Structure formats: structure tokens, C-alpha cells
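Report on the structure given below.
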Amino acid sequence: MPQVKIIAKNFMDMVAALPAMKLDKLYDNTFICEAVLRSLPPLAKKYALQMLYIDVPVPVKSMEEWVLPDGFSKHRVAIDRLIQLRVFIENTDRKRETSYLLHPKFKSNLQKYLVYGGVLPREPMPSNITVRLPTLEELDAYALEQWECFLLQLISSSHAERLTNFSPSMMKVFQRGLLSQREKGPRLTESGFQFLLMDTNAQLWYIIREYISNSEDRGLDPADLISFLLELSFHATGEAYNINTLTEIQRSIIKDLADLGVVKLQQGRKESWFIPTKLATNLSVSLSDSSSRKQGLVVVETNFRMYAYSSSKLHCEILRLFSRVEYQLPNLIVGAITKESLYNAFENGITAEQASINMPLALESLLLFFFQSCRNIFFTSRSNILIGLKSSLVVGVPRFWMVWCLNFLYFLVYGFMGFTHLPQEGIGMIAPVN
Amino acid sequence: MASITSKLYSDDVSLLVVLLDTNPFLWSGENTTTNSLSFPKFLTHVFSFLNSILLLNQLNQVVVIATGLNSCDYIYDSSSSPTTVESLENGRMPALCSKLLQNLEEFLARDQELNKDESPPGIASSLLSGSLSLALCYIQKVFRSGPLHPQPRILCLQGSSDGPEQYVAIMNAIFSAQRSMVPIDACVIGAQHSAFLQQASYITGGVYLKPPQLDGLFQYLSTVFSTDLQSRSFLQLPKPVGVDFRASCFCHKKTIDMGYICSVCLSIFCKHHKKCSTCGGHYLVSCKISGFQV
């Protein structure tokens with residue numbers, strides 16, 4: 001999903017959009033240099049590493065010789081990114097030749113990393129003071145629970161069991177772009193639906209981006225926020241760190257982060273500490289990695305009844321968006337995909353492909369056909385039947401069964417519409433297409 | 001040769017297995033090239049390179065295997081121990097260095113024990129076949145760890161000459177790496193080129209390099225060997241200039257240009273044998289085959 005990459009990369013765009021002086025000040029911090037390097041595209045990382053010990057500016061032409069001709073577009077993307085983040089500084093000499101040099105502070109910080117290895121930003125507290133630290137599993141469960149509670153409050157405040165400490169104005173800021181006000185109440189938009197389908201890491205980045213862009217109104221310096229968040233990602237999961245080592249601003253941020261499930265706050269007899277969860281340490285990890293997604297199973301029958309093996313309220317809400325949830329057992333959500341629920345979903349701008357992502361592969365093609373045929377009859381006059389068939393052949397559903405089902409559905413749909421809104425091609429019996 | 005990018009990886013998380021040549025005959029100064037690079041200096045280049053790999057991505061993994069004279073062993077695995085220390089103010093060495101050096105010392109002591117009985121003539125070759133096998137076993141374990149695993153590759157830092165007696169084992173390891181699509185890179189720090197490693201990089205799609213200036217070893221390593229597999233298809237990397245494909249015979253382990261091949265199992269012999277020692281096939285006709293090409 002290309003949208004995901006755009007949203008998360010926008011965090012680094014935010015860093016790049018900071019004025020040059022602020023960015024230079026940010027690079028004084030080793031952790032920010034490391035985090036920025038890790039966020040670059042792979043080719044850019046290689047260039048930065050290669051330039052670490054080169055003290056003379058390297059002409060643009062020699063850099064272009066490092067890539068093969070078909071990699072030139074990637075080369076340009078990498079160089080643009082490096083210049084945007086001011087990692088590479090352009091020099092133009094008298095002969096009008098441009099050359100690149102690495103940012104000096106960035107260079108010296110990373111050289112130190114190469115010699116000394118990674119260091120932790122602060123010392124964890126000794127274990128005799130911290131009593132009963134949660135295990136890693138408990139911490140993961142806590143983080144997931146907090147995050148889901150926050151998401152639930154985000155999409156439908158009425159269904160949240162427990163409200164987070166965010167003020168209503170903060171929640172409105174987060175909801176901007178994801179929810180739209182309708183007559184019946186706030187409804188999820190298309191980008192809101194996409195947001196829900198992104199993995200946890202990308203969702204977290206989106207929320208943090210909104211948080212930071214709102215911070216100026218609350219009197220906080222975005223550069224401070226960014227540096228603290230990036231520093232947080234270098235702490236060790238599950239270790240306790242003293243809150244007294246944080247500044248005032250950082251202490252207020254930590255409380256908000258605890259609501260998101262990024263850290264867990266605990267109090268001892270005299271001191272209080274925070275424990276970073278996996279969400280915190282994943283802040284500087286690349287997008288395509290596995291996230292702490294809850295595993296579940298959704299089964300869709302040919303009569304469009306749906307069984308979702310999940311006990312998560314969030315999953316229930318997501319399913320409610322395009323299906324009619326009939327009842328909910330402790331580990332099972334039973335629902336049906338009906339015409340009305342689909343129309344609701346289409347009205348909200350959810351496309352067939354997005355809804356089908358949630359469904360297991362074997363029945364995806366069937367559902368895709370149904371969604372698209374419903375949509376087609378009302379909104380367009382194109383026929384996607386062949387597409388539905390083709391995808392079913394890829395999936396390996398028995399051809400005879402597929403054809404029978406399709407014909408039956410087609411008959412049902414036509415029967416309902418009274419043969420007046422036929423699509424332009426493919427009328428009658430559908431034969432399998434090779 | 002083998003297209004490594006046919007196995008599609010979506011990100012640049014890599015697992016790098018480094019095979020360090022710890023042959024004492026190589027490092028003791030008899031070899032003229034390594035006179036410019038002592039073992040401690042070599043290790044500093046390697047440490048910086050390992051740190052740079054770990055810097056590039058939070059999930060990158062590094063495994064170091066020492067290739068000794070009589071044995072090989074794993075001496076460092078970045079996933080099993082935390083690589084960060086709290087602070088460096090009290091002059092402690094970084095965790096990576098201290099752990100690696102400690103294990104290396106113990107390994108060298110054990111290796112020397114095994115060497116006490118015999119005195120090999122000249123510069124003996126190190127056990128490359130053993131360390132390649134260890135590396136491939138580790139990589140197979142990683143492949144089975146789940147759908148999301150880092151992209152593995154092997155880097156051989158070799159200086160000792162090739163031992164023809166290891167030909168069969170090394171070729172088996174190379175074909176196994178080719179099968180699993182694991183590229184074998186080679187950085188030769190000895191005086192002469194290594195035919196085995198040239199063949200290895202050629203067959204598995206890795207990079208072979210013999211740096212002309214060993215003082216700048218880190219720069220060579222970070223320029224040529226630090227990129228992940230996906231980006232390699234876009235970069236200008238050193239190309240092989242004529243690979244030495246000579247094989248060694250199975251009976252005497254000598255390197256030969258012309259020899260006899262068993263028609264059943266393709267084993268190579270320098271003299272005509274009535275019966276193949278590998279598969280037991282009997283022969284009636286004898287004919288000479290020359291110029292092996294893979």
C-alpha cells in the first residue's frame with residue numbers, strides 16, 4: 001500500500017523541513033544521527049557510510065559512476081534525500097562543479113559509533129530498587145491493550161471502555177483527516193479506513209506526526225520532541241529508567257506516551273521510572289518489518305456469513321464498518337455481509353479491495369466479485385466479472401464450483417435488479433477464461 | 001551467474017556471516033603482503049566494519065566464524081548478546097570487541113592444542129571448507145526461523161593459500177550456497193589470488209576483491225561489501241577478471257588441467273583407474289578429458 005510509506009516517511013520529511021540551524025543542532029545528538037541514517041533508503045545509507053572517512057568533497061560526476069545505468073533513478077532519489085536532510089552538503093567551486101561532503105557533526109558522531117559501538121542514552125536503574133518489573137510478554141500485552149484502547153477512542157468514543165488522558169481537543173487533532181462529521185455522527189473516511197488497516201508501527205508514526213505538528217500550539221519545540229522520541233527508540237525494552245533523568249518537557253511528553261502504550265510508568269517507594277515497550281524500540285525500525293499485530297482468523301462462507309476468531313474490540317469495530325455484526329462470543333465475532341452494510345461502506349468511500357484485504361485468500365475472489373458487481377451496478381457500468389474469475393483461478397478455487405457460484409450470484413443480482421442494469425459485456429453463462 | 005535478486009526481499013535487513021582467517025602462519029610475518037597489516041590492525045578494521053553493519057539497520061545481524069588451522073568455531077553472534085553498553089566513561093571496551101576477543105583467544109588456544117603433534121611444511125592452508133559449512137548451517141537455521149528472516153550472505157576474509165585437499169568439500173559448500181541463493185563474497189588479504197574463492201563468488205553471484213592497499217581495508221569493506229543484496233543490482237561492483245576453474249584430482253589432491261572423469265558420478269582423477277573410488281563404477285574404455293569448464 002503506497003499510502004503507508006508516504007505517511008511514515010513524512011516523519012523524516014518533518015525533520016527535513018526544520019530550518020537549517022535547528023537541524024544542525026539536532027545532529028549534535030548521536031542518537032538522532034543514527035536514527036536519521038537508519039531511515040534513509042538503502043543506497044543512501046551506503047553513500048553515507050562510504051563518505052564517513054572521506055575528507056575531500058566528492059564531485060557529483062564521480063558519484064554517478066558508482067551506480068549502473070538502470071540504477072540511476074534510485075541514485076537520484078538517494079542523493080535528493082541526503083541533501084534534503086542536510087546529511088550531504090553541496091559545494092560549488094569556481095569551476096561550477098558541484099561536489100558533496102558529509103555534514104561534519106554527523107560525520108564525527110557516526111565515526112564514534114563505528115569505533116565504540118552502540119551506547120545507551122541513559123543507565124537503567126539497578127534491580128534492587130525496581131521491584132517486580134513486568135516480563136516482556138506482560139509488557140507487550142500492556143502496550144497492545146493501551147494502543148487498542150487509544151485507537152478505539154479515536155474511531156468511536158462511544159465504544160471505548162476506558163478513556164485515555166488525552167484532552168478532547170488533542171483527540172480532535174488526531175481525528176482530523178481520519179473521521180468526518182456526518183449528520184448521524186462522526187464517520188470514518190477512506191483515509192481513516194486505510195489508517196486502520198496499516199500496521200501498528202505506521203499507525204504510531206502517524207499519530208506521533210500529528211502530535212508533533214500540534215506541539216507548537218502548546219508551546220513545545222518540535223525539535224526537542226523529535227530528539228526525545230528518537231532517543232527513546234534506542235533504549236532497551238523491558239529495562240527501567242529513572243524519571244528524574246528527564247527534563248520537565250520530557251516528563252510531560254512521557255505521560256502522553258504512556259497513554260499510547262509506548263512506555264509504562266511505574267512507581268516505587270521513593271522513585272518512579274518508565275519502561276519502554278516494544279512500540280518504543282520499534283520507532284526507528286523500517287516499515288516492512290513485522291509489527292506487534294494481533295493474530296486472528298476470519299472465515300467467510302459462501303452465504304456471506306462471517307466468523308472472526310478474535311476477542312479484540314478494535315477488530316469488532318473494523319468489521320462493523322462493512323458487515324453486520326450479529327453476536328459476539330468471548331473469542332468469536334459472528335456477522336454477515338449484507339447489501340446494506342456494503343452500501344454503508346461504499347458511502348464512506350471504502351473500496352472493494354480494502355475490504356477484501358481482511359478476508360482470507362480462498363474466498364477473496366468471490367467477495368471481490370460480489371462487492372464489485374454491487375458497486376458496478378449502481379455506480380459504474382464496467383464489468384469486472386472477468387477480473388473476478390481470473391483472480392479465482394490464481395487462488396485455486398475449483399473451477400466448476402466457482403462458475404456455479406458466480407452464475408448463481410449473477411442470477412440473484414440480476415433477478416433483483418430486474419435485468420435493467422446489465423453491465424455492458426459478459427451477459428449470460430460465464431465460461432472460465434484462460 | 002545465479003541471480004540472487006530472484007529471491008525478492010522487501011527491505012535491507014541482512015545477516016552477514018564473516019569468516020575470519022586466523023591462520024598463525026599467515027599472520028606471523030612470512031607473507032609479504034600481510035607485513036603491512038598486523039593482526040591487531042586487521043582486527044580493528046574488521047571491528048569497525050562489523051559496527052557499520054550493525055549501524056545500518058536495527059535488525060541487522062552479524063556472526064563471526066574463525067577459520068583456524070585445524071578447526072573452526074563460532075566466535076561471535078550479535079543476536080545472542082546485547083551490543084550496547086551503558087557508558088564508556090570508565091574506559092571499558094565496547095561489548096562487541098571484548099566478547100569477540102575473548103572468544104577468539106580461547107579458540108586460538110584450542111586450535112593450537114590440536115596442532116602440537118604435527119609440523120606442516122610451509123604455510124599450511126586454513127580450514128575454509130569447515131567454516132563455510134558452519135556458516136551454511138547457521139544460515140539454514142535462520143531460513144527455518146519463520147517467513148520474515150534477514151537476507152543472509154557470507155564474507156570470507158581469507159589470506160592463506162588454497163589447500164587442494166579441501167577441493168571437494170569447498171565445491172560442495174559452494175553448490176549448496178548456490179542452491180540456497182546465498183552469495184559468497186571474498187576479500188583476499190594474502191599475497192596470491194585464491195582460485196577457490198574466485199569460483200565461489202562467480203558461482204554464487206558474490207563479489208571477489210583483492211584490495212591493493214591493505215591500510216585502507218575498512219574503506220574497501222564498507223564500499224564493496226556493506227550493501228544489502230537488493231541494492232547490489234544497482235551498483236558498480238568489482239567484476240571477476242578471469243576465473244581459475246582448475247580442479248584438483250580426487251586421488252592425490254593435486255591441481256590438474258587434464259584428467260579422467262567417471263561417467264557416472266563425475267569424479268575427477270589424474271590417472272586411469274579401473275574402478276571409481278567414489279561411486280564404485282567399473283570402466284572398460286579409457287579416455288582423457290581436458291580443460292574443465294563449469
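The chains referred to below are lettered A, B, ... by the order of the sequence lines, with proteins before strands, and numbering in each begins at 1. Model, not experiment: these values are computed from the prediction.
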Closest non-hydrogen atom pair between A:Leu68 and B:Ser233, with its separation: CD1-O, 3.3 Å
With rounding to the nearest 0.5 angstrom, report the OG to NZ distance, B:Ser231 to A:Lys74. 7.5 Å
Does a sphere of radius 6.0 Å around CZ in B:Arg179 hold more than 12 heavy atoms from other residues, nucleotides or ligands, not counting ones at 6.0 Å or beyond? no
Against chain B, residues from residues 60-67 of chain A with at least one heavy atom under 4.5 Å, in numeric order, are A:Glu65, A:Trp66, A:Val67
Would you mind checking which part of A:Leu40 comes under 4.5 Å of any heavy atom in chain B, side chain (CB onward), backbone (N, CA, C, O), both or neither? neither
Surrounding CD of B:Glu105 (heavy atoms of other residues, nucleotides or ligands, distance under 6.0 Å), is the total greater than 12? no
In sequence, state the C-alpha distance, the side-chain angles, and the governing distance for A:Val115 and B:Thr44, and then conclude on side chain to side chain contact (heavy atoms under 4.5 Å, CB included). CA-CA 9 Å; A:Val115 174; B:Thr44 53; over 6 Å; no
Under 3.5 Å: donor-acceptor pair, side chain of A:Lys46, backbone of B:Thr227: no
Say you draw a straight line from CG of A:Leu110 to CG of B:Leu55; how long is it, rounded to the nearest 0.5 Å? 5.5 Å
When the side chains of residues 214-225 of chain B are checked against the rest of the protein, which donor-acceptor pairs come out under 3.5 Å, sequence neighbours left out?
{"from": "B:Gln219", "atom 1": "NE2", "to": "A:Gln50", "atom 2": "O", "distance (Å)": "2.9"}
{"from": "B:Ser222", "atom 1": "OG", "to": "B:Phe218", "atom 2": "O", "distance (Å)": "3.3"}
{"from": "B:Ser222", "atom 1": "OG", "to": "B:Gln219", "atom 2": "O", "distance (Å)": "3.3"}
{"from": "B:Thr223", "atom 1": "OG1", "to": "B:Gln219", "atom 2": "O", "distance (Å)": "2.5"}

Between CG on residue B:Asn51 and NZ on residue A:Lys112, distance to nearest 0.5 Å: 14.5 Å
For a quick test of reading the model, state the closest non-hydrogen atom pair linking A:Arg38 to B:Asn57 and the distance between them. NE-C, 4.0 Å
